[in-house]
Amino acid sequence: MPANDMSQLVSLCQRRGFIFQSSEIYGGLKGLYDFGPLGVELKNNLKAAWWRAMVYERDDVEGLDSAIIGHQLLFKYSGHADTFNDPMTECKKCHARLRTDKMADPKKCDECGSTDLMEPRAFNMMFKLQYGPTEDGSSTAYLRPETAQHIFANFKNVTDSTNRRPPFGIAQIGKAYRNEIIARNFIFRVREFEQMELEFFVVPGTEDKWHEYWLEERLKWWESIGVARSKIRINDVAKADLAHYSKRTFDLEYEYPHGHDEVEGIASRTDYDLGNHTKAQDEFNLTAKVHKNTHSNTKLTAQNLETNSHYVPFVIEPSAGVERCFLAVMNEAYTEETIPGKDGQPESTRTVLKFKPHIAPIKAAVIPLAKNKPELVALAKSLKNDLQKLGLGRILFEDSGNVGKAYRRHDEVGTPVCITVDFESLEDGAVTIRDRDTMAQQRLPITALPAHLTTLIKG
Ligand code: ATP
């Protein structure tokens with residue numbers, strides 16, 4: 001039985017230390033969450049899986065980690081300062097602020113049902129800040145609403161330092177900030193989140209082919225982390241709903257507990273961004289009185305080696321949110337099972353997170369059968385240390401003393417295997433491995449564990 005509403009996931013996340021409300025001791029800030037001991041592991045594993053697939057396993061992508069704060073001109077010429085808006089209305093009766101394009105009925109307040117609403121107005125979602133000690137217009141900067149613009153701004157730095165030419169990509173994982181009118185559905189819509197973005201630069205005229213290619217690549221990736229294709233609906237976004245930079249966008253919509261909703265957008269961004277920043281350079285260099293020769297240094301173009309001419313590459317952008325990915329993976333993994341009773345015992349239930357092993361926050365728990373037997377504890381600790389050195393992720397030493405309870409606790413956080421060290425282990429050098437999904441137990445020599453665990457986690 002999977003999760004049938006969001007509250008089951010919220011409660012598990014809080015109880016087991018995946019996710020906490022941010023600034024909770026002061027009442028919390030809506031739309032901000034902190035990731036706890038297990039949440040940070042899961043998040044890191046998801047990001048590592050993305051980076052591996054998008055950078056390491058390819059020969060045409062470079063990485064980047066840029067600043068989070070952006071120059072005001074970066075977001076002026078990207079179009080965000082003028083057009084990164086959502087339509088907002090306010091209910092005159094209960095004063096709720098509402099996003100009109102997401103309302104069940106745009107004429108009726110979602111909160112109190114009143115029809116007395118203000119005229120919708122455009123609300124810009126960027127967080128503006130004052131950069132440095134001077135408070136005037138020139139000190140305005142923004143928290144980036146997407147990681148993409150810094151990738152475009154670094155296009156020439158990366159191509160100059162790596163000799164890349166289209167088709168190639170620049171990947172980045174990092175924080176993004178949007179002052180959403182309404183933050184809702186747990187970590188689905190928040191004001192601070194992380195994006196995993198690839199800007200893939202292609203020769204103009206080849207963008208449709210690459211767009212289809214990336215759609216397929218991304219669906220394969222979602223499958224590899226445990227989100228079946230059948231759970232993702234592809235929305236070929238209607239022209240009227242496209243973002244200001246997009247020629248065509250495929251939204252991947254996962255079936256969340258609150259309904260199908262976007263987990264990733266794969267946009268064909270044309271030459272909009274590189275083109276705008278390139279045009280902007282002329283204006284900027286003139287006003288800043290930069291010598292004309294410097295213009296070519298900042299043109300975000302690529303060279304056609306056959307004709308020697310320069311062109312502005314087109315861009316395909318697969319962009320996924322880490323939090324939305326987290327929620328999808330968590331929802332897919334969540335399982336409630338009935339365990340048949342044995343020998344006249346009544347049946348029981350258990351909650352299991354059936355994560356793919358490489359995504360699981362804890363890879364294995366090593367448990368000494370008795371916590372007051374120093375030889376057992378010492379053997380379990382040294383086994384934990386040896387397994388940790390394999391570099392597979394977190395291995396936990398568990399000395400709670402109750403193996404049965406430890407198994408259930410680890411089922412609930414998705415640990416693929418528990419390894420129990422008992423008195424016989426001291427004699428025969430073997431341990432009991434218990435599998436999360438089948439609950440089957442087998443005896444294995446300690447010397448066989450590294451290979452066993454590596455195969456299980458890496459596949
Ligand atoms: P939505 O229509 O749901 O507001 P969007 O189309 O504006 O999303 P994009 O600009 O395409 O989103 O951003 C790329 C990805 O970043 C999204 O697919 C999503 O996974 C993530 N993302 C965007 N906004 C948020 C948010 N407020 N909270 C969490 N993740 C977000």
Side-chain angles (χ1 to χ4, degrees), residues 6 19 22 29-33 35 39 43 46-47 50 54 75 78-80 83-88 98-103 122-127 143-152 171-199 211 214-215 218-219 221-222 225 227 232-238 240-256 258-269 272-273 315-331:
M6 193 77 96
I19 299 173
S22 193
L29 269 177
K30 211 155 193 273
L32 281 186
Y33 291 91
F35 288 79
K43 221 175 172 207
L46 294 171
K47 291 190 280 185
W50 188 90
M54 304 297 267
F75 293 112
S78 70
H80 285 82
T83 57
F84 198 58
N85 305 319
D86 273 341
M88 181 174 79
L98 305 156
R99 190 172 147 181
T100 49
D101 61 336
K102 298 274 178 190
M103 285 164 75
F123 175 76
N124 192 284
M125 287 191 289
M126 281 202 294
F127 282 97
L143 288 180
R144 63 187 184 195
E146 58 177 22
T147 78
Q149 292 309 321
H150 286 85
I151 297 184
F152 300 131
Q172 171 158 238
I173 300 178
K175 294 270 188 185
Y177 298 81
R178 295 184 187 180
N179 202 1
E180 296 280 353
I181 295 168
I182 300 180
R184 61 160 57 136
N185 292 322
F186 194 29
I187 55 167
F188 178 84
R189 188 173 299 286
V190 284
R191 297 193 170 102
E192 172 177 318
F193 54 99
E194 278 187 273
Q195 288 184 315
M196 305 183 282
E197 295 200 299
L198 172 72
E199 304 306 320
H211 201 193
W214 277 110
L215 172 62
R218 296 303 303 145
L219 288 169
W221 184 80
W222 283 103
I225 59 160
V227 181
I232 292 179
R233 191 170 72 184
I234 301 164
N235 175 12
D236 191 346
V237 178
D241 298 331
L242 288 173
H244 61 277
Y245 48 72
S246 175
K247 165 183 163 183
R248 189 179 183 191
T249 295
F250 300 126
D251 277 352
L252 305 189
E253 299 177 341
Y254 172 72
E255 194 181 347
Y256 287 102
H258 67 271
H260 275 98
D261 221 333
E262 178 182 335
V263 65
E264 170 161 1
I266 306 172
S268 186
R269 287 181 88 127
Y272 180 89
D273 302 274
V315 172
I316 303 299
E317 176 200 65
S319 170
V322 177
E323 286 73 8
R324 291 187 187 183
C325 175
F326 190 114
L327 198 55
V329 164
M330 197 83 191
N331 193 48

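Counting starts at 1 for both ligands and their atoms, following the listed order. Quick caveat, the model's predicted, so the values are computed rather than measured.
Here Ser246 pairs with Thr249 under the side chain to side chain donor-acceptor pair (under 3.5 Å) rule; sequence neighbours left out. Not counting sequence neighbours, the partners of Lys175 by the side chain to side chain donor-acceptor pair (under 3.5 Å) test are Glu192. Judged as a side chain to side chain donor-acceptor pair (under 3.5 Å), and not counting sequence neighbours, the contacts of Glu317 are Arg269.
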Run the numbers on Asp273 and Val315 for side chain to side chain contact (heavy atoms under 4.5 Å, CB included), then give the verdict.
-> CA-CA 9 Å; Asp273 302 274; Val315 172; 5.7 Å; no
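The side-chain heavy atoms of Glu264 and Pro318, taken from C-beta on, include a pair separated by under 4.5 Å.
Annotation: ligand 1 has protein neighbours Arg99, Arg178, Glu180, Phe188, Arg189, Val190, Phe193, Gln195, Glu262, Val263, Glu264, Gly265, Ser319, Ala320, Gly321, Arg324, each with a heavy atom less than 4.0 angstrom from the ligand.
Glu197 and Thr147 form a side-chain donor-acceptor contact under 3.5 Å, judged by distance and modelled atom types alone.
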